[in-house]
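Down below is the structure, laid out as structure tokens.
Counting starts at 1 for both ligands and their atoms, in listed order. What's counted below: heavy atoms across the whole structure, side chains too, no hydrogens, waters or symmetry copies.
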Amino acid sequence: MENKRLVLLGAPGVGKGTQAREMEKNLSLSHISSGDMLRDAVRSQSRLGIRVKEYLARGDLVPDELMMSLVSERLQENKCAGGFVLDGYPRTVSQARALDALLEERDLPLTGAVLLEIPRNEIIRRLSMRYTCDTCGETIKSKENRENQQCPNCGNRLKRRSDDEPRTIEHRLGVYEELTSPLIEFYQCTGILHRVNGMGTVREVFQRILSALNLN
Ligand code: AP5
Ligand code: MG
């Protein structure tokens, strides 16, 4: 398989993280999640973490320059040389331009952008059932309140993400519409956009991604 350098696009809760993990496992791509990087920073109370904490809690985007320097550092790591899938980055047209410039410098342009699509009511349903483990990153779905219960993977505590409260979900969806959805046209114009239906099981969606990228 030729090296794949991919971007996963889509509204909050469409399954970007879930599918990026499948791609990492099955296609040996390096998974770069901007949201996970920021949440790690908040957890470790680094200077960056202190600076971005409020943006995340409000569901607002962190400043472009900050995001770009974090991601470009990560892209330079050796493990990205065999291909990568970016999850949550870029999120504005200016981030997309900066990414293109960085990859062009190295003669390693993006090979595809996958847009996951699900209806809005399903987004809200999925996010209101999500519990994550702060320690190992495990994500589980539950209709019952699992806050502070044991993580089935490592035994530590499950939490809801601070931005998964109903009002913050609405805000994140608004931010997506305004600032991120223009990327759909951006990647359509460069001819690398693939639209994928994100409804169905994780496996079904993954199979659709493979078909869209001609990988099966
Ligand atoms: P980020 O962490 O990227 O959050 P997001 O885009 O809002 O998306 P989510 O992680 O909530 O959802 P997802 O699409 O990954 O879905 P998931 O697989 O978890 O960003 C968080 C914040 O960081 C931003 O608000 C911003 O502040 C900041 N930030 C990040 N990047 C930035 C950038 N580039 N610039 C500036 N700021 C940035 O799935 C959701 C749920 O559905 C899970 O429970 C999952 O188990 C379930 N699920 C998944 N697939 C299925 C399926 N097929 N069927 C049923 N359930 C499913
Ligand atoms: Mg995610």
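Checked against a 3.5 angstrom limit, the closest N/O atoms of R21 and ligand 1 fall outside it. Of the polar atoms of V205, none of the N or O atoms is found under 3.5 Å from an N or O of ligand 1, judged by distance alone. Here's the thing with K16: one of its N/O atoms is less than 3.5 angstrom from an N/O atom of ligand 1. Ligand 1 has a nitrogen or oxygen under 3.5 angstrom from a nitrogen or oxygen of G15. Residue D163 has no N or O atom closer than 3.5 Å to an N or O atom of ligand 1.
With a 4.0 Å cut-off on non-hydrogen atoms, L116 does not touch ligand 1 at all. With a 4.0 Å cut-off on non-hydrogen atoms, Q95 touches ligand 1 through its side chain and not its backbone. If you look at M67 next to ligand 1, the close heavy atoms, those under 4.0 Å, all belong to the side chain. At a heavy-atom cutoff of 4.0 Å, ligand 1 is contacted by the backbone of D60 but not by its side chain. The side chain of R172, and not its backbone, has at least one atom closer than 4.0 Å to an atom of ligand 1 (non-hydrogen atoms only; side chain from C-beta on).
Side-chain atoms of S94 and D64 include a donor-acceptor pair closer than 3.5 Å. Residues D60 and H171 bring a donor and an acceptor atom of their side chains to less than 3.5 Å of each other.
Note that CD1 of I209 and CD of Q207 are 10.0 Å apart. Values are rounded to the nearest 0.5 Å.
With K141, R91, E204, E122 as candidates, the residue nearest to atom 5 (P) of ligand 1 on a non-hydrogen basis is R91. Taking all heavy atoms of V62, D87, V175, I123 into account, the minimum distance to atom 37 (N) of ligand 1 is reached by V62. Of the options D36, V52, L38, the smallest heavy-atom separation from atom 29 (N) of ligand 1 is shown by L38. Residue nearest to atom 52 (C) of ligand 1, selected from R126, R203, Q19: R126 (by heavy-atom distance). Compare T139, T18, L127 by their heavy atoms: the one nearest to atom 17 (P) of ligand 1 is in T18.
Looking at R74 and E77, a side-chain N of the basic residue comes within less than 4.0 Å of a carboxylate O on the acidic one, giving a salt bridge. Comment: K159 does not engage D164 in a salt bridge, judged by the lack of any side-chain N to carboxylate O separation of less than 4.0 angstrom. Between E117 and R195, at least one side-chain N (NZ, or NE/NH1/NH2) sits under 4.0 Å from a carboxylate O, which counts as a salt bridge. For the pair R172 and E165, the salt-bridge criterion is not met [side-chain N within less than 4.0 Å of a carboxylate O].
Around atom CG of N216, more than 12 heavy atoms belonging to other residues, nucleotides or ligands sit under 6.0 Å away. Atom NZ of K53 has 12 or fewer heavy atoms from other residues, nucleotides or ligands within 6.0 Å. For R106, the CZ atom is densely surrounded, since the number of other residues' heavy atoms within 6.0 Å is greater than 12.
For R58 and Y55, the positive end sits near the middle of the six-membered ring, less than 6.0 Å away and at most 45° from its axis.
Looking at atom 9 (P) of ligand 1, its nearest protein heavy atom turns out to be R130 NH1, 3.5 Å.
Residue contact annotation: G13 has a non-hydrogen atom under 4.0 Å from ligand 1. At least one heavy atom of R161 sits closer than 4.0 Å to an atom of ligand 1. Using a 4.0 angstrom heavy-atom cutoff, R39 counts as in contact with ligand 1. Remark: distances from the non-hydrogen atoms of G200 to ligand 1 include one below 4.0 Å.
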**OP:** Could you check T18 against T139 for side-chain contact (heavy atoms from CB on, under 4.5 Å), going step by step and ending with a plain yes or no?
**Re:** CA-CA 9 Å; T18 304; T139 298; over 6 Å; no
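Residue-ligand proximity, G17 to ligand 1, at heavy-atom distances under 4.0 Å covers atoms 13 (P), 15 (O), 18 (O). Listed by number with element, the atoms of ligand 1 under 4.0 Å from a non-hydrogen atom of V14 are 14 (O).
In this structure a side-chain-to-backbone donor-acceptor pair under 3.5 Å is present from R126 to V14.
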